[in-house]
Amino acid sequence: MEYVIDYINSHFTEYIEELKDYIRIPSISTLEANKNDMQRCAEFICSKLKDAGMTRTEIFQTKGHPIVYGEWIGEPGKPTVLIYGHYDVQPVDPLNLWNTPPFEPVIKDGKIWARGSSDNKGQNFVHIKSAEAFFKTTGSLPVNVKFVIEGEEEIGSESLSTFISENKELLKCDAVLVSDTSLYEPGVPTITYGLRGLLYMEVEVTAANRDLHSGTYGGAVANPINELAKIISKLHDKNGKVTVPGFYDEIQKLTKVEKENFKRLKFSDKKLSKDLGVKELQGENGFTTLERMWTRPTLDCNGIKGGFIEDGAKTVLPSKASAKISMRLVPNQDAVKVAKSFEKHIRSLSPKGISVEVKMHHYGLPVVTPLDSKAIVAAAKAGTKSFGKKTVYTRDGGSIPIVVEFMQKLKAPAVLLGLGLDSDDIHSPNEHFWIENFEKGILTSAYFLEEFSKV
Ligand code: BES
Ligand code: MN
């Protein structure tokens, strides 16, 4: 093991250069214009898996973006870990808010700045490098490893969902390891045991059959933007509760133990509000900030469209307006039921003078992973070895819908061993990843493979 660790420690400079090459490929899954980049990125990461020592590598084409697979199963008696990650990234807009171009990685202040650096290229690359270090020093791995790196995480993982169902034997494993979440605090190894689910809807309001002069017709016909705003404003009550009927019906109550555990994490509201530049935090009454972010369902408007949005002024009474509205879900909310209830609720809030269309984009289920699996125990030990601190257990408010599917279809426990930080600005301008977390991540991954071979 010492050789492996020494090898890793003496190769960080090269690893960073390779990560930069990975990041330079603008693999934005949601944009048609980047389709070729997706294929290029899949080929890039596939060749890295090969170089790392995987004896079988393959790119599986799908209806959407390719899935990259790599395996080394040379230790039949040992457990098998499936390492999941995603090579796709979010769009970069608004571009003018970036300090440096999003796909030209720059190292500054101990961080690597670029789209995808933290979410998720930097985080999945660590596992490839740790596997490589074992091969270069010992010629084999302590456990069997299967890599699945997909290109549709940021758009709902539809192809991978089908792929898992159709390839259960290929993907058979004893645990699924995912690094796509955050450390609780810098320097603190973290296992996330719960994620929220997501339900993404769009509401389109139409009033008149065409855009109108707002002087000629204003006051006589509904303005879809005004009406949409009124509807949105009624989606929460004065206690911060979502007003969709039945929204909270099936929710699991937080146990006393969990509440106590959260308290022990000593979360500071003050620190967060300062960091985010708000005078005060707000949310559902009766819950702490950690409870609100990690365990309570929410509803948010993610975008709103309508009327004249260019510079300058135009007097217009638009015909249409629309809003993208997503809900974060928690165990055991039923996404389909919530979607139906949401649509009914929107209709009940709509006046006769408009027509409304409600559409569902996609949904993904929340997850709570078992805390006593052998893989979690191994991951906690590995984190402590590399970071030199006790591993903490958290939940998180973000979503990785495919995790539940891995767990259910492969009947394997998941381990969410995140290496990002909430402050990494993922999905925002100036995304970055701490070099320290990249380096400690590679070491953690190596220790994990070693620890997991002992169980
Ligand atoms: N890595 C994130 C999920 C995440 C973010 C977990 C922060 C924990 C903390 C992932 O890439 C992501 O962004 N997921 C999407 C889900 C999806 C269906 C678009 C999300 O949470 O919005
Ligand atoms: Mn993401």
Side-chain angles (χ1 to χ4, degrees), residues 23 27-31 64-65 84-93 102 114-126 148-161 176-185 190-202 272 276 289-290 292-295 297-303 324-330 335 339 360-369 392-406 414-429 431-434 437 441:
I23 289 173
S27 45
I28 305 171
S29 50
T30 200
L31 300 180
H65 301 303
Y84 163 80
H86 63 95
Y87 67 83
D88 66 322
V89 304
Q90 287 276 332
V92 297
D93 60 286
R115 172 58 86 232
S117 54
S118 173
D119 185 10
N120 170 256
K121 288 172 174 171
Q123 294 199 56
N124 62 57
F125 203 55
V126 304
V148 174
I149 304 182
E150 70 150 324
E152 294 178 20
E153 195 276 343
E154 301 291 4
I155 52 171
S157 301
E158 213 181 300
S159 300
L160 184 55
S161 168
V176 179
L177 178 65
V178 183
S179 293
D180 195 20
T181 46
S182 306
L183 301 176
Y184 180 65
E185 263 173 357
T190 304
I191 286 174
T192 300
Y193 66 90
L195 291 171
R196 289 193 289 192
L198 181 73
L199 168 63
Y200 207 107
M201 309 289 292
E202 185 155 354
L272 181 63
L276 300 180
T289 301
L290 283 187
R292 286 171 179 169
M293 293 193 298
W294 293 353
T295 73
T298 54
L299 180 150
D300 277 290
C301 187
N302 301 116
K324 295 186 199 285
I325 296 174
S326 71
M327 286 155 264
R328 295 284 166 177
L329 306 178
V330 302
M360 183 173 91
H361 280 264
H362 50 78
Y363 70 85
L365 299 178
V367 57
V368 173
T369 69
V392 300
Y393 296 84
T394 66
R395 287 173 66 160
D396 208 304
S399 311
I400 314 174
I402 204 68
V403 171
V404 189
E405 302 206 32
F406 275 123
V415 183
L416 305 176
L417 187 65
L419 299 166
L421 285 166
D422 284 348
S423 57
D424 280 353
D425 286 323
I426 65 171
H427 296 208
S428 300
E431 176 176 350
H432 54 276
F433 188 42
W434 286 33
N437 293 339

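Both ligands and their constituent atoms are indexed starting at 1 by order of listing. Computation of the quantities below employed the complete heavy-atom set of this structure, encompassing side-chain atoms and omitting hydrogens, waters and symmetry-equivalent molecules.
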Between the side chains of [X] and [Y], is a donor N or O closer than 3.5 angstrom to an acceptor N or O?
X: Asp88; Y: His65; value: no
X: Ser157; Y: Glu150; value: yes
X: Arg395; Y: Thr295; value: no

* Asked: Mind checking whether Arg328 has a heavy atom under 4.0 Å from ligand 1?
  -> yes
* For Asp119 and ligand 1, does the shortest N/O to N/O distance drop below 3.5 Å? -> yes
* Asked: What do you reckon, is OH of Tyr184 surrounded by more than 12 foreign heavy atoms closer than 6.0 Å?
  -> yes
* Asked: Relative to the heavy atoms of His86, which atoms of ligand 1 are at a distance of less than 4.0 Å?
  -> 11 (O)
* Can you sort out which atoms of ligand 1 are near His427, meaning under 4.0 Å from one of its heavy atoms? => 12 (C), 13 (O)
Just to confirm my output: which protein heavy-atom neighbour is closest to [atom], and how far is it?
atom: atom 19 (C) of ligand 1; value: Glu154 O, 3.5 Å
atom: atom 4 (C) of ligand 1; value: Asp180 O, 3.8 Å
atom: atom 9 (C) of ligand 1; value: Asp396 OD1, 3.2 Å
atom: atom 3 (C) of ligand 1; value: Ser399 O, 3.5 Å
atom: atom 7 (C) of ligand 1; value: Ile426 CD1, 3.9 Å
atom: atom 11 (O) of ligand 1; value: Glu153 OE1, 2.8 Å

* Does any N or O in the side chain of Asn120 come within less than 3.5 Å of the main-chain N or O of His86, such that one atom is a donor and the other an acceptor? -> yes
* Okay, side chain of Glu431, backbone of Asp119: is any donor-acceptor separation there less than 3.5 Å? -> yes
* Asked: With ring centroids as reference points, do Tyr84 and Phe406 lie under 6.0 angstrom apart?
  -> yes
* At a non-hydrogen distance cut-off of under 4.0 Å, which region of Leu198 contacts ligand 1 (side chain, backbone, both, or neither)? -> side chain
* Asked: Relative to ligand 1, is Gln123 under 4.0 angstrom through side chain, backbone, both or neither, heavy atoms considered?
  -> neither
* Between atom CH2 of Trp294 and atom CG of Leu195, what is the distance when rounded to the nearest 0.5 Å? -> 11.0 Å
* When rounded to the nearest 0.5 angstrom, what is the spacing between OG in Ser117 and CD1 in Ile426? -> 10.0 Å
* Asked: Ala414 and Thr369: which non-hydrogen atoms are nearest, and at how many Å?
  -> O-CB, 3.6 Å
* Under 2.8 Å from the Mn ion (ligand 2) - protein N/O/S, by chain and number -> Asp119 OD2, Glu154 OE1, Glu154 OE2, His427 NE2
* **All side-chain contact (heavy atoms from CB on, under 4.5 Å) counterparts of Val126, not counting sequence neighbours** => Leu419, Phe438, Ile442
